[in-house]
Amino acid sequence: MTEVYDTSSGRDVREKTRKVKNAHEQFAFDLDVVLKTTEGRRMLWFLLQGSDQVGSGVMEDPFVAGQPDLTAYRSGLQARNKMLMTYMLAPERFHLYAQMVEEMSNSIPKR
């Protein structure tokens, strides 16, 4: 449910800002926990590649001709993946992202 607050009240704005900051900090902390495990990195790689839904990968085109509902759904998944990438590419956790990329590239069969 959306919280209503008075944007003309400095107190309300500060409280809302604090809540949003806390939510972002909690998400970043939780992501760090996930990235510190092999299983967590594998799961995030799966999501980022769009393996949960074709067309939702960060570098894929979510457009489906004649199906605006599926395009919107895939665009939403892609937005989630881009948000994850934004957090993972932050300087304080980039080393965990690089570790994930290395692990996943080593797990791909060589031709």
Side-chain angles (χ1 to χ4, degrees):
M1 180 180 216
T2 303
E3 184 179 331
V4 177
Y5 67 102
D6 182 3
T7 58
S8 65
S9 165
R11 181 174 165 252
D12 282 1
V13 170
R14 282 190 303 278
E15 178 65 17
K16 183 67 172 179
T17 301
R18 183 189 63 76
K19 286 180 180 178
V20 168
K21 183 179 181 218
N22 288 345
H24 284 285
E25 288 173 353
Q26 183 65 54
F27 182 83
F29 175 81
D30 294 344
L31 183 60
D32 286 343
V33 170
V34 171
L35 279 169
K36 288 179 181 173
T37 68
T38 303
E39 297 81 6
R41 291 188 296 274
R42 189 170 44 241
M43 186 268 310
L44 285 171
W45 184 263
F46 178 82
L47 292 175
L48 292 173
Q49 297 304 307
S51 301
D52 59 329
Q53 173 67 47
V54 173
S56 65
V58 175
M59 303 303 284
E60 293 183 53
D61 181 5
F63 179 73
V64 181
Q67 296 187 7
D69 52 343
L70 185 55
T71 297
Y73 176 72
R74 287 167 58 167
S75 294
L77 292 175
Q78 189 175 64
R80 172 206 62 197
N81 292 343
K82 288 180 179 180
M83 183 211 47
L84 285 169
M85 284 293 293
T86 300
Y87 276 92
M88 285 192 290
L89 294 176
E92 62 272 15
R93 70 186 60 82
F94 183 79
H95 67 284
L96 295 169
Y97 172 77
Q99 183 179 355
M100 176 181 68
V101 171
E102 183 179 346
E103 289 171 354
M104 294 305 113
S105 64
N106 290 336
S107 70
I108 298 171
K110 307 252 189 283
R111 290 183 182 205

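What you see is a predicted model; the values in this text were computed from it and never measured.
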Enter the distance from [X]:[atom1] to [Y]:[atom2] here, rounded to the nearest 0.5 Å.
X	Y	atom1	atom2	result
R11	E15	CZ	CD	7.5 Å
K19	H24	NZ	NE2	14.5 Å
R42	M100	CZ	CE	12.5 Å
K36	Q99	NZ	CD	11.0 Å
Y97	L48	OH	CG	7.0 Å
Q78	M83	CD	CE	13.5 Å

Work out which heavy atom in [X] is nearest to a heavy atom in [Y]; give both atom names and the distance.
X	Y	result
T37	G40	OG1-N, 2.9 Å
V101	W45	CG2-CZ3, 3.8 Å
R74	V64	NH1-CG2, 3.0 Å
R41	L35	NH1-O, 2.6 Å
H95	E92	CE1-O, 3.5 Å

Evaluate the side-chain proximity of [Y] to [X]: yes if any heavy-atom separation is below 4.5 Å, no if none is.
X	Y	answer
L31	L44	yes
T17	R14	no
D32	Y87	no

Taking E25 first and then K21, would you say they form a salt bridge - that is, a charged N and a carboxylate O separated by under 4.0 Å? yes

Are M88 and M59 connected in the hydrophobic side-chain network, where two residues link if heavy atoms are under 4.5 Å apart? yes

Side-chain donor-acceptor pair under 3.5 Å between Q26 and D30, yes or no? yes

For T38, is there any backbone N or O sitting under 3.5 Å from a side-chain donor or acceptor partner on E103? no

